[in-house]
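Written out below as structure tokens is the structure these notes cover.
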Amino acid sequence: MKIYNTLGRKLQPFTPRDEGKVGMYVCGATVQSKPHLGHGRYAVVFDVVRRYFTYLGYDVMYVRNITDVDDKIIDAANDAGVSTQDIADEAAAAFAAAYLALGVLPADIEPRATEHIPQMIDMIEMLIQGGHAYESGGDVYFAVRDFPGYGKLSGRNIDELQSGARVEVGDVKRDPLDFAVWKKAKPGEPSWSSPWGEGRPGWHIECSAMSHEYLGTSFDIHGGGNDLIFPHHENEIAQAEAALDAAPFARFWMHNGMMTLTGEKMAKSTGHIIDLLEAVEKYPGLAVRLFYLRTHYRKPLDFSEDALADATASLERLWSFRRRQPGPVEAESHPETIAAFRAAMEDDIDVAGGLAALFDAVREGNRRLDAGESAEEYLAAYDEIVEVFGLAEQEKGLDDIAGGLAAVGARFGVDGISNGALIDALLARRAEARSNKDWATGDAIRDGLAELGIFVEDGADGSAWHRR
RNA sequence: GGCGACGUGGCCGAGUGGUUAGGCAAGGGUCUGCAAAACCCUCUACCCGGGUUCGAUUCCCGGCGUCGCCUCCA
């Protein structure tokens, strides 16, 4: 399996640190506000990476953090007159709902920054002891120039950065490039006790400390959006490698491309965004997932309503194939399909190529079913691939439309039963009408169900329904 | 200014030195009471200019264009 490693900027064969195991750390959200469409992308992209490693038989430890203390969370809390914890909890709940809708599996561990302050303080103390950081008026700064490898991830050199660095007011820093690993508390801010007084951690230290806590030194894969390469990931590396005196901090760095909107990057700071929860309300969550997955993870992805509608239709094509023969299949997966799927995935997670293999199998499977032949091995391949992509159709349940169903049932003289049994009875009623060429009644039943999102399709051996 | 990515058919979007990606949409057909789904057929592209090559969309050079990072950001 080849993965494009940002560290070194080239495709590299993936090998795990420990035989049979993969440790992954992905930078999750700063929970300051609701998620937008861009946040869904990293979640889905790395969910598929994780699923694929699991599929290959690795024992995967997947860690995705939550940043629940930072300047903007504090600002939001002050504006709303609530605690930072309230802001963080509310936003974290919105992210969790979005992940669920997108079919993103829960992380093995979802550490919060505020619950790992001691680990961060430990790391900062190691930095100070090693001469890599210094205290200055209650703040602690990392001394960038004293760390030789600085810039190796982002491809920058210190002198170029120097010329572009913002001029700092005052002289708390020894060097303009130095960045805070600990910030002295200001009045009204959440703070923790430390050897340097009350304060809070800098942004980057949490990921260095938490990834080390759960995955150890030189873990396998560190992921995140490519906008985090500099300075966040560069600083994570510097801190962790300096503190622990061990390199590399992470062995493979994977970065997903940004979502754009009318060609411009989607970012909450500019308000140039599409609300993620609104998107998964308007379209099936897994259609949004497929929309992300069609484009290679490192490329930019432009949002459009058309693209989402396109993905929705495309997903329907997949699902309608699987509905033709529901239930488990016994056969081995079609070998060529799996080979094509794997070849694509081994090439830096080429999901688009894997999808092509899937759609080829769907076409052939459909063709065989039309011809009255067995499509078992194609159905098996479908299940195998769809599991990795996380696109399997979920049972929706009928409880939320039970009232509507009962009303339709009453209209056609069916009562005393509900939900699935009611639909079956209605379809029996409809079959009876159709056998008498009473098309009006038949169509009325179909239309009544359609209004509730229950779509009826007539086949050679009876009618089937599904909820959309 | 520095670093980096990208420019493919109506749209989205893979990939490759010579042989059909795939999806959506569109048109024609089969099936069908209608509808839906499915299958078959059609639509054959690779920003521009040089170069290398028997042959380049695919490699090299130059140009044009778009975007990202360089400040918080997935």
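These values consider heavy atoms only, across backbone and side chains, with no hydrogens, waters or symmetry-generated copies.
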For atom CG of A:D302 and atom P of B:G7, their distance in whole Å: 14 Å
Sugar-phosphate, base or nothing in reach of A:R322, heavy atoms under 4.0 Å: nothing
Touch class at under 4.0 angstrom, heavy-atom based, for A:R434 against every strand present: base
Plane angle bin for A:F291 and A:F303 - parallel if under 30°, tilted between 30 and 60°, otherwise perpendicular: perpendicular
Pair partner, B:A37 [Watson-Crick or wobble, under 3.5 Å]: none
Proximal nucleotide (of B:G15, B:A74, B:G22) relative to the A:M266 side chain: B:A74
Proximal nucleotide (of B:A37, B:G4, B:G23) relative to the A:R9 side chain: B:G4
Sugar-phosphate, base or nothing in reach of A:V456, heavy atoms under 4.0 Å: base
Touch class at under 4.0 angstrom, heavy-atom based, for A:R446 against every strand present: base
Length of the CG-C1' vector between A:D306 and B:C24, whole Å: 10 Å
Sugar-phosphate only, base, or nothing, as touched by A:D443 at under 4.0 Å among non-hydrogen atoms: base
Options B:G15, B:C24, B:A74, nucleotide nearest the side-chain atoms of A:M258: B:A74
Proximal nucleotide (of B:G68, B:A74, B:A37) relative to the A:N226 side chain: B:G68
Whole-Å distance separating the CG atom of A:L290 from the P atom of B:G23: 12 Å
Sugar-phosphate only, base, or nothing, as touched by A:E264 at under 4.0 Å among non-hydrogen atoms: sugar-phosphate
Within 45° cone of A:F455 ring axis and under 6.0 Å: A:R468 NZ or CZ: yes
Whole-Å distance separating the CZ atom of A:F230 from the P atom of B:A5: 18 Å
Touch class at under 4.0 angstrom, heavy-atom based, for A:T30 against every strand present: sugar-phosphate
Check against side-chain contact (heavy atoms from CB on, under 4.5 Å), A:I385 and A:T337: CA-CA 9 Å; A:I385 294 171; A:T337 297; 3.8 Å; yes
Protein-nucleotide distance (A:D310, atom CG; B:A26, atom C1'), rounded to Å: 14 Å
Under 4.0 angstrom between A:R363 side-chain N/O and B:C40 OP1 or OP2: yes
Short side-chain N/O contact from A:R317 to OP1 or OP2 of B:G23, under 4.0 Å: yes
Partner nucleotide of B:C6 by Watson-Crick or wobble geometry (both distances under 3.5 Å): B:G65
Sugar-phosphate only, base, or nothing, as touched by A:R156 at under 4.0 Å among non-hydrogen atoms: base
Whole-Å gap separating C1' (B:A36) and CZ (A:R468): 8 Å
Touch class at under 4.0 angstrom, heavy-atom based, for A:L228 against every strand present: sugar-phosphate
Whole-Å gap separating C1' (B:G22) and NE2 (A:H296): 16 Å
Touch class at under 4.0 angstrom, heavy-atom based, for A:D350 against every strand present: sugar-phosphate
Any side-chain donor near an acceptor of the partner, A:E346 and A:Y52, under 3.5 Å: yes
Sugar-phosphate only, base, or nothing, as touched by A:K265 at under 4.0 Å among non-hydrogen atoms: base
Any side-chain donor near an acceptor of the partner, A:D139 and A:S136, under 3.5 Å: no
Rounded distance in Å - CD (A:Q32) to C1' (B:A74): 12 Å
Test item: side-chain donor near acceptor, A:Y25 and A:H212, under 3.5 Å: no
Touch class at under 4.0 angstrom, heavy-atom based, for A:A307 against every strand present: nothing
N/O (side chain, A:N366) to phosphate O (OP1/OP2, B:C39) under 4.0 Å: yes
Phosphate OP1/OP2 of B:G7 contacted by A:K299 side-chain N/O (<4.0 Å): yes
G-U wobble or Watson-Crick pairing nucleotide for B:A45 (cut-off 3.5 Å, both distances): none
Parallel, tilted or perpendicular: rings of A:H222 and A:W253 (30°, 60°): parallel
Sugar-phosphate only, base, or nothing, as touched by A:T295 at under 4.0 Å among non-hydrogen atoms: sugar-phosphate
Close side-chain approach of A:Y283 to A:T312, heavy-atom, < 4.5 Å: yes
Sugar-phosphate only, base, or nothing, as touched by A:G223 at under 4.0 Å among non-hydrogen atoms: nothing
Any strand: nucleotide that pairs with B:U20 via Watson-Crick or wobble, under 3.5 Å: none
